[in-house]
Amino acid sequence: MTTARLIEIFSAIQGEGLNVGTRQIFIRFALCDLRCHFCDSAHTWSVPSTCRVERSPGLRDFETHPNPVQLNTLLTWIERQNSPGLHDSISLTGGEPLLHAPFLVEFLPLVRRATGLPIYLETGGHRPQQLQLILPYLDSVGMDIKLPSVSGEDRWNEHAEFLQACHQADIEVFIKAIVSSQTDLGDLAKAAKLVASVNPEIPVFLQPATPLTPSQQFGGTPIQAPTPAQVLHWQALMKQELKQVRVIPQTHKMLNQL
């Protein structure tokens, strides 16, 4: 029986990247195989015994249900969230949603048919093989490039293959890169060249890191936001290779959202 391991389902305003400000139904999957130093969602790295599900879109009236969740049950929850005309898309987030690719292959055609909503994937951009399985069911992809100097991860080869696959599938794709006070210029230059080699018009979003509380921190060095001067310099550097380089922080945290 096809099941998913979930963290939560809720309706909210997207706070990052190209879709910032739009209303989405978020399906947050459990599990991640990365350990980024700036991660503010370390609770998604493993599978909890239960997940929480919002009953009414935006009201935060959560119910608790056991994991894993059957496909038809998840479909029912999403249909309940889908108030007519309210949502712009469905966000697959995590964790890393592509760790659930076999489930998504079955689920995505059904949820698209049931809701009529576009499907948006938020991903670490490092699992191109799993991406290929669900590309036919996606409308847009927000792909991270993990800068080693900030994330502690080094996934350049996977990122290049992943972005090329998105581009060849002719779906909307954009790049998000978390930047901190410790960002290395060489990482940014390498990221710009990687994107430009696929298509210099792919939008890139530099997202200044949101400082974590001591209890949230992973790794030995606290993550600090960059200065305005740093961000201006980095944007100018990347625009030598790319058409669109935008700077947007985590706006959902400014709105005090999930």
Side-chain angles (χ1 to χ4, degrees), residues 7 10 12-22 24 26 28 32-45 91 93-96 120 122-126 141-156 159 163 173-196 202-258:
I7 300 292
F10 60 96
I13 298 168
Q14 173 60 246
E16 301 177 358
L18 190 63
N19 297 309
V20 67
T22 63
Q24 296 183 323
F26 289 81
R28 188 181 303 282
C32 187
D33 54 337
L34 302 180
R35 294 294 181 265
C36 300
H37 294 169
F38 52 71
C39 182
D40 60 1
S41 303
H43 64 287
T44 68
W45 292 353
S91 173
T93 187
E96 174 51 63
Y120 163 59
E122 295 186 283
T123 173
H126 63 291
V141 174
M143 172 193 156
D144 286 359
I145 285 184
K146 304 294 187 182
L147 305 177
S149 57
V150 185
S151 70
E153 295 281 347
D154 188 333
R155 304 282 177 159
W156 294 112
H159 287 334
L163 184 58
V173 61
F174 69 90
I175 301 298
K176 182 180 70 178
I178 308 294
V179 291
S180 77
S181 60
Q182 300 302 311
T183 300
D184 182 80
L185 279 178
D187 285 352
L188 290 172
K190 189 169 184 176
K193 290 184 181 300
L194 186 158
V195 177
I202 293 173
V204 171
F205 291 81
L206 298 180
Q207 183 175 298
T210 302
L212 303 175
T213 65
S215 63
Q216 293 175 315
Q217 289 172 11
F218 172 76
T221 304
I223 298 295
Q224 300 294 333
T227 67
Q230 284 179 307
V231 173
L232 287 166
H233 178 53
W234 297 338
Q235 184 187 46
L237 172 74
M238 297 188 80
K239 283 180 69 68
Q240 294 175 16
E241 299 275 354
L242 303 169
K243 299 290 186 183
Q244 300 184 62
V245 182
R246 310 180 200 177
V247 179
I248 299 181
Q250 290 182 299
T251 63
H252 57 289
K253 295 191 176 181
M254 299 175 185
L255 297 172
N256 197 29
Q257 282 201 120
L258 287 169

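Both backbone and side-chain heavy atoms feed into the values below; hydrogens, waters and symmetry mates do not.
- Proximity of Gln240 to Met238: side-chain heavy atoms (C-beta onward) are nowhere separated by under 4.5 Å.
- Atom NZ of residue Lys243 and atom CD1 of residue Ile202 lie 13.5 Å apart, to the nearest 0.5 angstrom.
- Using a 4.5 Å heavy-atom threshold, the side chains of Met143 and His159 count as touching.
- Listed for the Gln235 side chain is a donor-acceptor partner under 3.5 Å among the backbone atoms of Val245.
- Nearest heavy atoms, Gln250 versus Thr210: OE1-OG1, 2.6 Å.
- Across Pro203 and Val173, no two heavy atoms sit closer than the pair CD-O, 3.7 Å.
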In sequence, state the C-alpha distance, the side-chain angles, and the governing distance for Glu241 and Lys239, and then conclude on side chain to side chain contact (heavy atoms under 4.5 Å, CB included).
-> CA-CA 5 Å; Glu241 299 275 354; Lys239 283 180 69 68; over 6 Å; no
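- Summarising the geometry of Ala12 relative to Phe26, their closest heavy-atom pair is O-CE1, 3.6 Å, with the distance given to 0.1 Å.
- Between Leu194 and Ile175 the shortest side-chain heavy-atom distance does not fall below 4.5 Å.
- Ring planes of Tyr120 and Phe174: parallel class, angle under 30° (limits at 30 and 60°).
- The distance from the OG atom of Ser181 to the CD atom of Gln230 is 6.5 Å, given to the nearest 0.5 Å.
- In this structure, Gln207 contributes its side chain and Lys176 its backbone to no donor-acceptor pair below 3.5 Å.
- Taking each heavy atom of Trp45 and Cys39 in turn, the nearest pair found is NE1-SG, 3.6 Å.
- At distances below 3.5 Å, not a single donor-acceptor pair connects side-chain atoms of Ser149 with backbone N or O atoms of Thr183.
- Annotation: the span from Ile145 atom CD1 to Leu163 atom CG amounts to 6.5 Å, rounded to 0.5 Å.
- Between the side chains of Ser91 and Glu122, at least one donor N or O lies within less than 3.5 Å of an accepting N or O.
- Between Asp187 and Val150, the closest side-chain pair of non-hydrogen atoms is not below 4.5 Å.
- Residue Glu153 forms a side chain to side chain contact (heavy atoms under 4.5 Å, CB included) with just one option from Asp144, Leu34, Leu147, and that option is Leu34.
- Counting heavy atoms from C-beta outward, Asp33 and His126 have side chains that approach closer than 4.5 Å.
- For His37 (side chain) and Ile223 (main-chain N/O), no donor-acceptor pair under 3.5 Å exists by modelled atom type.
- When side chains are defined from C-beta on, Glu96 counts as touching Cys32, because their heavy atoms get closer than 4.5 Å.
- At least one side-chain heavy atom of Arg28 sits less than 4.5 Å from a side-chain heavy atom of Phe10.
- When all heavy atoms of Ala209 and Ala225 are compared, the closest pair comes out as O-CB, 3.4 Å.
- A distance-only check finds a donor-acceptor pair linking the side chain of Thr44 to the backbone of Gly95 [under 3.5 Å].
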